[in-house]
Amino acid sequence: LAARREHGLSDVTVIGGGEAYEHEVAQAFGAAYMGFQPLDAVVARLRQASFLVLPSICYENFPRTIVEAYACGVPVLASRMGAMAELVDDGVTGLLFEPGDARDLAAKVAWAQAHPADMLAMGRRARAVYEQRYRPQVNMEALLAIYEQAREHRRLRQGRRDG
């Protein structure tokens with residue numbers, strides 16, 4: 001879910017798919033429901049969003065959608081479960097709500113709508129987190145460091161066998 005900046009926070013676009021509730025979501029949101037979209041379309045919508053809502057009730061390992069939102073400077077409202085609760089710093093890069101609790105989610109969305117300046121600040125902090133932790137260069141450096149550790153570990157094991 002993404003609330004659009006240019007038309008006010010009450011406008012919602014629902015992007016994503018899934019067999020479990022897709023029919024119900026499509027009926028509930030009508031034309032606002034876009035279903036599955038390619039990444040470039042998702043990012044284009046994110047860039048226009050005031051915030052992203054990730055209402056998952058599943059334990060997500062590393063929801064890429066959060067990082068995509070952060071890259072666009074968009075704060076995230078996410079379920080307080082699994083990696084979502086680890087990636088979203090409540091009150092800093094977004095807001096957390098109890099999974100499956102529609103009232104808690106509605107309260108967080110209402111707060112976000114009533115505090116646009118705070119949400120913009122959270123979006124700026126989300127972008128800073130992206131720059132610090134998730135941009136491609138940072139990930140490449142971390143991966144290369146892992147490879148170097150593996151090579152060093154192999155050299156040490158080889159040295160013990162030879163010695």
Side-chain angles (χ1 to χ4, degrees), residues 1-18 21-22 24-26 28-143 145:
L1 297 173
R4 294 184 299 177
R5 283 189 182 123
E6 73 272 8
H7 296 110
L9 293 172
S10 60
D11 290 337
V12 172
T13 300
V14 180
I15 299 174
Y21 299 103
E22 191 161 12
E24 290 87 348
V25 172
F29 287 95
Y33 177 66
M34 298 179 65
F36 174 81
Q37 296 291 305
L39 180 59
D40 59 337
V42 172
V43 171
R45 288 288 182 158
L46 273 174
R47 286 191 175 123
Q48 298 173 353
S50 296
F51 54 88
L52 169 84
V53 179
L54 187 59
S56 182
I57 55 172
C58 299
Y59 282 95
E60 306 278 350
N61 288 324
F62 188 86
R64 187 178 82 184
T65 305
I66 292 175
V67 175
E68 291 164 352
Y70 284 7
C72 295
V74 173
V76 176
L77 280 62
S79 301
R80 185 186 311 276
M81 90 185 297
M84 293 171 292
E86 298 294 321
L87 295 171
V88 176
D89 191 354
D90 195 28
V92 177
T93 60
L95 302 171
L96 296 172
F97 55 88
E98 293 306 313
D101 186 338
R103 286 187 183 160
D104 192 26
L105 170 57
K108 294 303 185 325
V109 168
W111 189 93
Q113 290 176 326
H115 298 89
D118 291 316
M119 295 305 289
L120 282 172
M122 286 184 207
R124 285 190 297 273
R125 289 191 293 269
R127 176 63 191 192
V129 167
Y130 171 80
E131 289 291 329
Q132 181 183 33
R133 297 182 192 162
Y134 303 117
R135 64 187 168 84
Q137 184 65 30
V138 170
N139 280 277
M140 185 180 73
E141 290 168 5
L143 183 60

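Hydrogens, waters and symmetry mates play no part in the numbers below; they use all other heavy atoms, side chains included.
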- [ ] Check whether any side-chain heavy atom of R45 lies under 4.5 Å from a side-chain heavy atom of Q37, and answer yes or no.
- [x] no
- [ ] Please report the shortest heavy-atom distance between V76 and A69, naming the atom on each side.
- [x] CG2-CB, 3.7 Å
Open item on the list: Would you say that S56 contacts M81 through its side chain, given a criterion of any heavy-atom pair below 4.5 Å between the two side chains?
Closed with: no
Task: Distance-minimising heavy-atom pair for A112 and L77 - done: CB-CD2, 4.5 Å
Task: Where L87 and P63 come nearest, the two heavy atoms and their spacing - done: CD1-CD, 3.8 Å
Open item on the list: Donor-acceptor check, side chain of R47 to backbone of V43, threshold 3.5 angstrom: yes or no?
Closed with: no
TODO: Indicate the atoms forming the closest heavy-atom contact of L95 with M122, along with that distance.
DONE: CD2-CE, 3.9 Å
- [ ] Fit a plane to each ring of Y134 and Y130, take the angle between them on a 0 to 90° scale, and name the class: parallel (under 30°), tilted (30 to 60°) or perpendicular (over 60°).
- [x] tilted
Open item on the list: Determine whether a donor-acceptor pair (N or O, by modelled atom type, separation under 3.5 Å) exists between the side chain of R127 and the backbone of A71.
Closed with: yes
- [ ] Report the distance from atom CD of E98 to atom CD1 of I57, rounding to the nearest 0.5 Å.
- [x] 14.0 Å
Task: Atom pair OH/OG1 of Y33 and T13 - distance to nearest 0.5 Å - done: 12.5 Å
Open item on the list: So which atom in V42 and which in E68 form the shortest heavy-atom distance, rounded to 0.1 Å?
Closed with: CG1-OE1, 4.4 Å
- [ ] Give, for atom CG of D90 and atom CZ of R80, the distance between the pair rounded to the nearest 0.5 Å.
- [x] 5.0 Å
Task: Shortest non-hydrogen contact between L54 and F97, atoms and distance - done: O-CZ, 3.8 Å
TODO: Find the distance between CE (M34) and CZ (F29) and round it off to the nearest 0.5 Å.
DONE: 14.0 Å
Task: Close side-chain approach of R125 to V129, heavy-atom, < 4.5 Å - done: no
Open item on the list: Other residues, nucleotides and ligands only: do more than 12 of their heavy atoms fall within 6.0 Å of CZ on F62?
Closed with: yes
Open item on the list: I'd like to know if the side chain of D101 reaches the main chain of D104, judged simply by a donor and an acceptor atom lying under 3.5 Å from each other, with no hydrogens or angles considered.
Closed with: yes
Task: Spatial distance of atom CD1 (I66) from atom OG1 (T93) [nearest 0.5 Å] - done: 8.5 Å
Task: M119 side chain reached by S50 side chain, heavy atoms, under 4.5 Å - done: no
